[in-house]
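Numbers restart at 1 for each chain; the letters A, B, ... are given by sequence-line order, proteins then strands.
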2 protein chains.
Amino acid sequence: MSYAAADPVYEDIRAMILAGELEPGSPLRQDEIAKRFGISKIPVREALRRLEVESLVTFERNKGASVRQYSETEALQLLDIRIALECRALELAIPNMIASDFNDMHAHLADYAKRTEVAEWSAMNTRFHHMLYEPCGNKPLLNMINDLQGRLGQFLRVLVSTASGLERPMREHEDILEASKAADVDAAVQLLRKHIETTKKEVAAFLRRGG
Amino acid sequence: MSYAAADPVYEDIRAMILAGELEPGSPLRQDEIAKRFGISKIPVREALRRLEVESLVTFERNKGASVRQYSETEALQLLDIRIALECRALELAIPNMIASDFNDMHAHLADYAKRTEVAEWSAMNTRFHHMLYEPCGNKPLLNMINDLQGRLGQFLRVLVSTASGLERPMREHEDILEASKAADVDAAVQLLRKHIETTKKEVAAFLRRGG
DNA sequence: TTGTTGCAAATCGTATACTATTTTGTCAAC
DNA sequence: GTTGACAAAATAGTATACGATTTGCAACAA
């Protein structure tokens, strides 16, 4: 015994929340999770506390943990943070991009364009953005972007399947990639900023209509 | 019993780390902390795990927790994130600033300039930055900036007492405040960016000399 | 019906207790 | 004096146990 009992719980629950398999608001019963993993409640609680700090879970005293439900304003605020972090990451990444990076991104976009399954779009979209930022080499920054993506997941998943379609984001992705290829940092950053701001507007509209 | 035993531990240890009272690398003994607070190890571990997610503490299996030591590259990377977050916060804050905000900031800078105790500078500096960003109204963003400030604390505390003095940052603070007052968002953001980039250069130089 | 009261069950939070691992100290061999 | 082996102590990690709080439900009164 004694092999980091909390880690698998943390990973699993986290993945389930990010994948949208657990509804926001649904309770996370400690005994049940403990039994499922064949361990006691102690490491389960540790895992849940960690998720709490990541804002994926909330605790209420004597009621335990539940999947965190974001308010509408919070979603929009998180998108403002996304603008800051992702624009900075792109700015730092462009000088480090090499030919194979561009090839990979082109290939990914080509693949992306062919997908007809709405369910796939969200993941493909996230992946493209990460490919853009990875060359920045700033691990903590990439982690923060990842975390944010996770927190926004519940909104973006719904959005991508209803509002935006594929054409507009696709065109914008290609523009950003071209500007990056031309090493035009300012242009690329401005395009990315507009891209995320459009997403923000779509989320706002979606919520206004009572998402 | 049963009243959030972990919370006071979390707050206290966190405050001690941020204040620099605990050396990076020093171990955090669970039994000792538990005894000090008159509780058992379980809530202590929860508190430490929370601090781990905030990157203030690291766990090594069967060796427990210790105050996290940042590498030099990580410090510089965190400063790149600071540029992103704080510039964005200022950008969002300026349109929301009112007369009393400007008065408060002016008063704070005047007070700041009179302080001769080096130990006070760091806190005064942090406070001024927060006053700049607060009007943005974006809670999650302000929290992230706070967290970053904490993580960078161990570097900036040393820095402020050795390298930078008071004049240069003071002049820059005033410039940023003037641009904000004039509602010149672009200028203010550029000044702030330069301001933090200078800090970054100073940290880099400090580390090169084997800080 | 509707609202209240009072259990009983479910669930949480944490102290205690036990095992596993690491660290420390001792002593003999070289 | 240094090194290695091994026992003892310290420390971490987790299961079990138990009191405290909340929740669900039934019985009853209005």
Side-chain angles (χ1 to χ4, degrees), chain A residues 1-18 21-71, chain B residues 1-18 21-71 151 154:
Chain A
M1 198 44 64
S2 186
Y3 231 89
D7 287 354
V9 181
Y10 170 78
E11 310 270 354
D12 270 38
I13 306 278
R14 187 167 192 281
M16 289 178 78
I17 294 176
L18 296 192
E21 291 165 28
L22 290 169
E23 296 277 307
S26 56
L28 298 162
R29 294 278 145 61
Q30 302 174 4
D31 287 329
E32 186 251 320
I33 296 170
K35 203 185 293 179
R36 186 142 51 86
F37 284 83
I39 58 179
S40 80
K41 288 192 308 185
I42 310 284
V44 171
R45 284 181 60 81
E46 276 186 19
L48 293 175
R49 285 293 192 190
R50 286 202 252 169
L51 292 168
E52 184 192 22
V53 178
E54 282 183 63
S55 301
L56 292 174
V57 152
T58 48
F59 266 77
E60 269 183 291
R61 172 148 204 88
N62 286 319
K63 293 190 182 175
S66 52
V67 180
R68 173 149 180 192
Q69 172 82 273
Y70 278 98
S71 73
Chain B
M1 201 41 64
S2 183
Y3 230 88
D7 287 353
V9 182
Y10 170 78
E11 310 270 353
D12 271 37
I13 305 278
R14 186 167 192 282
M16 289 178 79
I17 295 176
L18 296 192
E21 292 165 30
L22 292 169
E23 296 278 306
S26 56
L28 299 161
R29 294 279 144 63
Q30 302 175 4
D31 285 329
E32 186 251 320
I33 296 171
K35 203 186 291 177
R36 185 144 51 87
F37 284 84
I39 58 178
S40 79
K41 289 192 306 185
I42 310 285
V44 172
R45 286 181 58 82
E46 277 186 19
L48 292 175
R49 285 292 193 192
R50 285 202 252 168
L51 292 168
E52 184 192 20
V53 179
E54 282 183 64
S55 301
L56 292 175
V57 152
T58 48
F59 267 76
E60 268 184 291
R61 172 144 205 90
N62 286 318
K63 294 190 184 177
S66 52
V67 180
R68 174 150 180 190
Q69 173 82 273
Y70 279 98
S71 73
R151 293 214 241 165
Q154 58 182 249

Can you list the steps and then say if B/Ile17 with B/Val57 is a side-chain contact (heavy atoms from CB on, under 4.5 Å)?
CA-CA 9 Å; B/Ile17 295 176; B/Val57 152; 3.8 Å; yes

In plain terms, say whether A/Arg14 and A/Glu11 are close enough for a salt bridge, that is, a side-chain N and a carboxylate O under 4.0 Å apart.
no

Closer than 4.0 angstrom, basic N to acidic O: yes or no for A/Glu46 and A/Arg50?
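A salt bridge is absent here (no side-chain N lies under 4.0 Å from a carboxylate O).
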
Side chain of [X] only, please: which of [options] is the nearest?
X	options	result
B/Ser40	C/dT14, C/dA15, D/dG13	C/dA15
B/Ile39	C/dT14, D/dT22, C/dA15	C/dA15
B/Arg29	D/dA12, D/dT14, D/dT21	D/dA12
A/Ala5	D/dT14, C/dA15, C/dC12	D/dT14
B/Ile42	C/dT16, C/dT22, C/dG13	C/dT16

If I take atom [atom1] in residue [X] and atom [atom2] in nucleotide [N], what distance separates them, rounded to the nearest angstrom?
X	N	atom1	atom2	value
B/Leu28	D/dT11	CG	P	13 Å
A/Asp31	C/dG13	CG	P	11 Å
B/Phe59	C/dT22	CZ	P	16 Å
A/Asn62	D/dG19	CG	P	16 Å
B/Lys35	C/dA15	NZ	P	15 Å
B/Ile33	D/dT11	CD1	P	12 Å
B/Asp7	C/dC12	CG	C1'	15 Å
B/Gln30	D/dA12	CD	C1'	6 Å

Does some side-chain heavy atom of B/Phe59 sit less than 4.5 Å from a side-chain heavy atom of B/Leu48?
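Result yes, sub-4.5 Å side-chain heavy-atom pair found.
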
Does B/Glu23, at its CD atom, have more than 12 non-hydrogen atoms belonging to other residues, nucleotides or ligands within less than 6.0 Å?
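No, not enclosed.
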
A/Lys63 side-chain N/O to C/dT11 phosphate OP1/OP2 under 4.0 Å:
no

Which residue lies more 5' along DNA chain C, comparing B/Lys41 with B/Glu46 via nearest heavy atoms
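Looking at DNA chain C, the more 5' nearest nucleotide goes with B/Glu46.
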
Sugar-phosphate, base or nothing in reach of A/Arg45, heavy atoms under 4.0 Å:
base

